[in-house]
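Here the structure is laid out as C-alpha cells; the discussion comes afterwards.
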Amino acid sequence: MLDSRILSVQSLGKAITLHLLGEKQVQALDDVTFDVSDGEFVAVVGLSGSGKSSLLKCLYRTYLATAGSILYQASTGQDIDLASASEQDILKLRRNEIRYVPQFLKSAPRLSALDIVARPLVESGYDADIAYSEASRILSELGIGSDLQSSFPSLFSGGEQQRVNVARAVVAPSRLMLLDEPTSALDAENRERVFHQLQKVKDGGSTIIGVFHDRWLLRHLADRVVVMEHGKVAQIGTRDEVAIARYVGAETVPAS
Amino acid sequence: MTGPILSVSDLSVIHGNECPDCRTSTGPEVGTNTCASCGAVVACTDVSFDVYPGQVLGIVGESGSGKSTVLQCIYQDLAPTRGDALFAEFEQGDRSIWQANRRQRRELRTYSMGMVYQNPRQGLNLLVTAGGNIAERLLAADWRRVEDIRDTASHFLNRTEVPINRMDDFPAFFSGGMQQRVQIAKALANNPTLMLLDEPTTGLDVSVQAGVLDLLREIQSSKGMTVIVVSHDLAVIRLLADRTLVMRHGQVVESGLTDQILEDPQHSYTQLLVNSAA
Ligand SMILES: Nc1ncnc2c1ncn2[C@@H]1O[C@H](COP(=O)(O)OP(=O)(O)OP(=O)(O)O)[C@@H](O)[C@H]1O
Ligand SMILES: [Mg+2]
Ligand SMILES: [Zn+2]
C-alpha cells in the first residue's frame, strides 16, 4: 500500500527569545510529534497560550522552528522539510499547495469583498468573468449578499469579515490548508455555512489542519484531534478517543 | 527552478578615505556608520542578496541605514566602493553591472530598470508636462512616432490613475500623490524588468499612501513585475514584499520571508522595529 502520509511533524520545538525583555525565553512549542494522512481533517485544540497558532505558523514557516523537523510530502512526491527548506521552495509551496488562513481578514485597502475573493482565482489564471461569478456564488453561500459583496470589508462586522476570509480560502482550495480559528466570531447559523464550505473542501481531497473551538464542528468534520497543552501534545486521537470538553465550547447545534 | 534575476554580493559604499578600521568600527553592534579612526561614512558594507523573477524584495531600516544607497548603486546613480551585481539582462549575468561602461549603464537604466524616487523632483522634470515626462523616457529608448509616444503616455497615466486631461499640465502644480503617480507611470513606460522603489509613499498623506500602495501592488501582481522596494515603513513592506532584508548602520542584520520577519523577528533591532510599529 502506498504511504498516504502528507505531513510528519517530528520533535518540533519553537523557542522565542525576547531581546527587548532581558533575553527572556518563551518555549512556544516543545517536542511536538504527529503525522497527518493525505485528505485528513485534523483539529488542533487547547487552552489559550498552549501553542496552537505557533504550531500552524511553524508549518507555514511564518515562525522559524528551533528544533525538530516538518516533513511535507509535496505533490511531486518529494519530501521537503518545511522547517529548513529554502525561502524559494517555501514561496513555491505557498503559491501552489499550502495555504494559511489567519483568524481575521488582512486585506489591502480599496478592494471590495468580491475583489478579495476573486483574486486567488484570477492569480491562478482564471478568466475574470469566471473568477468573479465563482467568488460571488461562494460569498452568497456564506451569507454575504450582493450589496455587501461590492463594499469594503474594513467596514464589515467581525463575523462578516471572517466569512469573507473563509470565502477567500475556499474559493481555490489548496492541497494543505492551515486554518487558524476560522469560526471564532460566528453565530450558529454562520458556523453551519462555514461547515458546509469546509466539508466541500475536504470532499475535494484537501488536507486540513485547523484550530477550532467549536465542538459541533469538531464532531462533524475532524478525523482526529490534537490537544495542545503548554506547547506539548497532551493527547492525540480520533474525536471519540480524546477528551476535549475542557477545550471547546458547549455544543451549539445550528438551528435548522 | 529559475535562478535569481539579480544577485548582489558584498556591496560596500564608503564615503571618504577608507582605512583598515572602517569595517570593524561601524555597524549595528557598534551603533554607528561613521568610522571613528578615519571619519569615513560607511553607507553600507557586505550587503548580499538575490532577487527572483516576479518577486518583491523589501529593504527596511531606519533613516541612514543604507537602504537607498543600495538602490542607487543598482540604478547606477552611485558607484559602489566594491561588490558585484549580476543581472540577467546584462551579459547573461556573467559580469557585474558595476563594470559596465557608460553606454551600457545608460542602456540598463533606459531599457531594463525603472526607478521611483522618494522625492518626485528626482524622478520627474517638473517643468515638463506629465505626458512630456513619459515621452522623455520613451525618446531615450529610441521611440520615434509621436502617436505611439502619446498613446503610451496616456495609457500609463491612465493605468496609474492620473486624469488624462492633466496630461498636458506641469507636475509642479500636482498634489504629492499625483506627482508620485506620474513618476510611477514614467518608470513603467519602458516596461522595465526590474522596478526599484525608494520610499514610494513616504511624504504622502496617509489616505493617499493607501491608494498609491494598492496601485503598486496591483500593477506588480498583474504584470508579475520584479521589484525592490525600500521603506522605513513596515506597513509598506508588509503589503508589497515577499522577502525582506532588515538593515541597520550599513549592514544587513536579518533577512527572511516577510511574514516571518514581521511575526518572528530574530534580531533585537528587528524586534524593536516590529514592536514600535505595533
Ligand atoms: N554622498 C554621501 N556622503 C556622505 N554620506 C552619505 C552620502 N550619501 C549617503 N550618506 C550616508 O550614508 C548613510 C546611508 O544613507 P542612505 O541614504 O542609504 O540611508 P537610508 O537607509 O536610505 O535612509 P533614509 O531612510 O533616511 O532614506 C547615511 O548615514 C547617509 O548620511
Ligand atoms: Mg532612503
Ligand atoms: Zn575608517
Side-chain angles (χ1 to χ4, degrees), chain A residues 14-24 26 28-29 53-54 56-66 74 76 78 80 82-96 98 100 102 106-112 115-116 118-120 122-125 128 152 154 178 180, chain B residues 1-5 28 49-57 161 201 206-218 220-224 235-236 238-245 253-276 278:
Chain A
K14 173 59 184 167
I16 297 168
T17 307
L18 303 169
H19 296 297
L20 306 181
L21 295 175
E23 304 299 310
K24 187 178 160 199
V26 178
L29 295 174
S53 294
S54 298
L56 291 194
K57 286 177 180 175
C58 280
L59 301 185
Y60 197 60
R61 243 298 257 291
T62 297
Y63 280 6
L64 293 171
T66 49
T76 55
Q78 197 188 357
I80 299 176
L82 301 177
S84 63
S86 72
E87 288 170 11
Q88 292 308 312
D89 283 345
I90 296 288
L91 286 172
K92 191 168 159 203
L93 288 172
R94 287 180 177 188
R95 199 160 49 242
N96 299 329
I98 302 181
Y100 173 79
K106 289 180 202 151
S107 74
R110 288 207 324 170
L111 293 182
S112 71
D115 291 331
I116 289 169
R119 190 167 265 194
V122 173
E123 280 173 3
S124 54
F152 301 121
S154 52
L178 307 170
D180 199 350
Chain B
M1 200 152 87
T2 42
I5 200 168
F49 58 87
D50 291 331
V51 186
Y52 288 82
Q55 290 184 10
V56 180
L57 178 77
E161 299 164 18
T201 57
V206 178
S207 59
V208 179
Q209 278 182 12
V212 172
L213 272 181
D214 196 52
L215 175 74
L216 286 169
R217 195 193 118 93
E218 196 251 316
Q220 189 278 327
S221 68
S222 66
K223 295 172 77 90
V236 172
R238 182 192 301 275
L239 198 63
L240 295 178
D242 298 301
R243 288 162 56 239
T244 295
L245 304 184
V253 298
E254 169 166 12
S255 71
L257 298 170
T258 300
D259 54 317
Q260 182 256 299
I261 293 288
L262 294 172
E263 296 203 36
D264 189 19
Q266 307 290 305
H267 192 276
S268 60
Y269 174 65
T270 317
Q271 292 188 355
L272 181 68
L273 209 62
V274 170
N275 279 301
S276 31

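By convention in this document, chain letters (A, B, ...) are assigned in the order of the sequence lines, proteins followed by strands, and residues within each chain are numbered from 1. Being a predicted model, the structure only gives us computed values, none of them experimental.
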Side chain of B:Glu254, backbone of B:His267: donor and acceptor closer than 3.5 Å?
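It does hold such a pair.
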
Please state whether the side chain, the backbone, both or neither of B:Gln266 comes within less than 4.5 Å of a heavy atom of chain A.
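For B:Gln266, heavy atoms of backbone and side chain both lie under 4.5 Å from chain A.
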
What part of [X] lies closer than 4.5 angstrom to a heavy atom of chain B: side chain, backbone, both or neither?
X	answer
A:Glu123	side chain
A:Thr17	backbone
A:Leu91	side chain

Assess whether atom CZ of A:Arg94 is packed by more than 12 heavy atoms of other residues, nucleotides or ligands within 6.0 Å.
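Enclosed.
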
Side chain to side chain donor-acceptor pair (under 3.5 Å) partners of A:Ser54, counting only residues at least two apart:
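So A:Ser54 forms no side chain to side chain donor-acceptor pair (under 3.5 Å) with any residue.
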
Shorter than 4.5 Å, heavy atoms on both sides: which option in A:Leu64, A:Leu18, A:Val122, A:Ile16 has the most such pairs with chain B?
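Looking at each option in turn, the highest pair count goes to A:Leu64.
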
Only one of B:Thr270, B:Leu245, B:Thr244 forms a side-chain contact (heavy atoms from CB on, under 4.5 Å) with B:Ser255, so which one is it?
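Only one option passes, and that is B:Leu245.
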
Supply the atom-to-atom distance B:Tyr52 OH to A:Lys92 NZ, rounded to the nearest 0.5 angstrom.
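If I round to the nearest 0.5 Å, the distance is 12.0 Å.
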
Tell me which of these, B:Ser221, B:Gly256, B:Pro265, has more heavy-atom pairs under 4.5 Å with chain A than the rest.
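Of the options given, most contacts go to B:Gly256.
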
